[in-house]
Amino acid sequence: DFLYPDGHPQIEAAMKRLEMKQKEPGMRRACTKFTEALFRTKRQELGLAAGDRPYSGQHGPSWFPHATEKMVQQLDLIHAIAEKHGLDFGFLLADLSQQISRGAW
């Protein structure tokens, strides 16, 4: 929005892509095999089952529609780690551009 004025063709195209994606609930881009292996290891360390969703499970299917599966699972793991260590959720910040193994929170 701050790069282009309202009504710019690129903004309009991006909004149309987002609308199309929102019409397909549950269609998130899958994780890579490396990321899945890393998440599996982290879930085992935390005692979570593969289907446990401690954070994203609290939200509806249209929550965070532009997120990839990696982002959603990362939020779930960070939430579980924060609970385990008794962190203050009011000040918790997660950098979803980083791998979970780097402690990006």
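Here, residue 1 is the first one in the sequence, and each next residue gets the next number.
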Original post:
Less than 4.5 Å apart, any side-chain heavy atom of Glu45 and any of Thr41?
Top reply: yes
Subject >> Leu77: which of Leu38, Leu48, Asp52 passes side-chain contact (heavy atoms from CB on, under 4.5 Å) >> reply: Leu48
**OP:** Let me know which of Glu69, Gln99, Arg40 forms a side-chain contact (heavy atoms from CB on, under 4.5 Å) with Thr35.
**Re:** Gln99
Original post:
Can you find a pair of side-chain heavy atoms, one from Trp63 and one from Val72, that are under 4.5 Å apart?
Top reply: yes
Original post:
Rounded to the nearest 0.5 Å, what separation is found between the CG atom of Leu75 and the CG atom of Leu96?
Top reply: 4.5 Å
**OP:** Might you point out which heavy atoms bring Glu36 and Cys31 nearest each other, and give the distance in Å?
**Re:** OE2-CB, 3.4 Å
Original post:
Which one of Arg53, Lys42, Arg43 satisfies the salt bridge (charged side-chain N to carboxylate O under 4.0 Å, His left out) criterion with Asp76?
Top reply: Arg53
Subject >> Partner set under side chain to side chain contact (heavy atoms under 4.5 Å, CB included) for Thr68, not counting sequence neighbours >> reply: Arg29, Lys70, Met71
Only pairs under 3.5 Å count here: list side-chain donor-acceptor contacts from residues 78-92, not counting sequence neighbours, and write none if there are none.
{"unit_1": "His79", "atom_1": "NE2", "unit_2": "Glu83", "atom_2": "OE2", "d": "3.4"}
{"unit_1": "Asp88", "atom_1": "OD1", "unit_2": "Gly90", "atom_2": "N", "d": "3.0"}

